[in-house]
Amino acid sequence: MKILLLGSGGRESALAWKMKQSPLCEALYIAPGNAGTAQYGQNVAMGINDFEAIKTFCLEQQIDTLFPGSEDPLVNGVYDFFKNDAALKHITIVGPSRAGAQLEGSKDFAKEFMQRHQIPTAAYATFDATNFEEGLAYLEQHSTPVVLKADGLAAGKGVVITSDTEEAKQVFTDMIKGNQFGSAGARVVIEQFLTGIELSVFAFTDGTNFVILPEAKDYKRIGEGDTGLNTGGMGAISPVPFARDEFMSKVMDRVVKPTVEGLAKEEIIYQGFIFFGLINVDGEPYVIEYNCRMGDPETEVVMPRLENDLLEMIQHLGDRSLDQVQVQHSAKAACTVMLVAGGYPEDYAKGDAISGIEKVSNSIVFHAGTKQDGEQVLTNGGRVLAVTSYGDTILDALAQSYESLQQISFNNQNYRKDIGYEFK
Ligand code: AMP
Ligand code: GLY
């Protein structure tokens, strides 16, 4: 297979690491990639939303598989762009059509979809400029805390949770009238707050059949004990201790199957990953969000625990024969701890020299925000490196990552010291 992977984060590093191990891998390109992805394939300087450049490259290199790592190109319709072009339509796209990507691209679409298919999720209502006053009245009588979500993609920043009704009304006003989040905030979903522990479940579907990958839990807040600002993710563990058979069979019956069947019934083309952001409320799963791609940093623990050949799975996706695949999970636990630039997720420096990566021998270091400068690797983003380890237990894996990351240093580095804390 000749694969073009789009992206430049830790997720794409872990995907490239996994695909490179397959005997089916004839060529692997990563656009634009980072200093680490160059170990597994060839980086190509190209934007992930530059469909014309991607087309030219695919034709020149006879790419047969396009794998968008992040939601952006999918929500922008890269699938449809390829399938509507006679020269490109034979290429397998690992990801849904633009319509399918709306599960992530529009919170309101996702909520309506869940209602249509009786998939458990928080009670909600959607408002825009046309029923703005009703939205304010709705907030007046809503219990607190209340959750406000900008409808469109807002780079993980479009969700506000508050216990103060006046603040909720202000946020709501800013989103709709003040153009906060631009067009993404023109519609707002107001949602009931659910209390429980979150986890991420991943299905890989060909549109009819699906398989479930190892589940994971990520740690989104910058501060220990899940405090402070939201980030792209500060670490992850897999497996998730409470995701035992009874809970997971509820997830399958009430969430995963109705989602895949609902997409098929509505004739929404969907081949690729479905990321279910779930919350466990007293043993019952509810959907907090859908994503149309793998999670980051979850991929940095899911791919290490997946024993199947990912490219073989992608072939089955292309052939719509995922019913022939049985997913094998490693019996080992995996965890990842993110090294981030000081100041992240607010202002932070880029271009600082990183040392010591090569000294790490008992963990896998997946590059996220890095770039190569001659012989030197420099920081190039807020989340810099994901240090992933295996262990017989989550605690063993965590201990290994915390030991390994001592070898690595760059100016002002930061990380959470309590990944996996609930399970200690
Ligand atoms: P989202 O962008 O939809 O994943 O929301 C970001 C984060 O907000 C989630 O990971 C949850 O931690 C939190 N969140 C979203 N919706 C709810 C809800 N209905 N109840 C409680 N927490 C929520
Ligand atoms: N880790 C959450 C996400 O990828 O959206």
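One-based numbering, in listed order, for ligands and for the atoms of each. Any value given below was found using the heavy atoms of this structure, including those in side chains, with hydrogens, waters and symmetry copies removed. Bear in mind the structure is a predicted one, so any value in this text is a computation, not a measurement. All residue numbers refer to positions in the sequence shown, counting from 1.
The aromatic rings of Y344 and Y348 stand perpendicular to each other, their planes meeting at an angle above 60°, with 30° marking the opposite boundary. A perpendicular orientation is assigned to the rings of F242 and F247, their planes being inclined by more than 60° (bins at 30° and 60°). Ring geometry for F51 against F81 counts as tilted: the plane angle lies between 30° and 60°, on a 0 to 90° scale.
The shortest N or O to N or O distance between D296 and ligand 2 is under 3.5 Å. Between E191 and ligand 1, an N or O atom pair is found at a separation short of 3.5 Å. Residue contacts with ligand 1: V147 is placed with no nitrogen or oxygen under 3.5 Å of a nitrogen or oxygen of the ligand (distance criterion only).
Contacts with ligand 1 closer than 4.0 Å are made by side-chain heavy atoms of K107 only, the backbone lying farther away. The proximity of T195 to ligand 1, defined as any non-hydrogen pair under 4.0 Å, does not occur for either the backbone or the side chain.
A donor and an acceptor atom, one from each side chain of D206 and Y270, are nowhere located under 3.5 Å apart. Checked by atom type, the side-chain pair N43/T37 shows a donor-acceptor distance below 3.5 Å.
Near N291, with a cut-off below 4.0 Å to any heavy atom, the atoms of ligand 2 are 5 (O). For ligand 2, the atoms sitting less than 4.0 Å from at least one non-hydrogen atom of D218 are 1 (N), 2 (C), numbered in the order shown with element in parentheses. Within ligand 1, counting atoms from 1 as listed, the ones closer than 4.0 Å to a heavy atom of F193 are 20 (N), 21 (C), 22 (N). Atoms of ligand 1 found under 4.0 Å from any heavy atom of K149, numbered from 1 in the order shown, are 3 (O), 15 (C), 16 (N). Close approach of ligand 2 to G295 is summarised as follows: ligand atoms under 4.0 Å from at least one heavy atom of the residue are 4 (O).
Looking at D226 and R416, a side-chain N of the basic residue comes within less than 4.0 Å of a carboxylate O on the acidic one, giving a salt bridge. Of the charged side-chain nitrogens involved, at least one lies within less than 4.0 Å of a carboxylate oxygen, so that E284 and R254 count as a salt-bridged pair.
By heavy-atom distance, the residue among I161, N291, L148, T121 lying nearest atom 13 (C) of ligand 1 is I161. Considering each of M234, R293, M294, R11, the one bringing a non-hydrogen atom nearest atom 4 (O) of ligand 2 is R293. Nearest residue to atom 6 (C) of ligand 1 from V159, I279, I288, V281 is V159 (criterion: closest heavy atom).
Other residues, nucleotides and ligands contribute only 12 or fewer heavy atoms inside 6.0 Å of the NZ atom of K20.
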* **Chi angles and distances behind the side chain to side chain donor-acceptor pair (under 3.5 Å) call for Q413, S409** => CA-CA 7 Å; Q413 79 187 45; S409 102; 4.9 Å; no
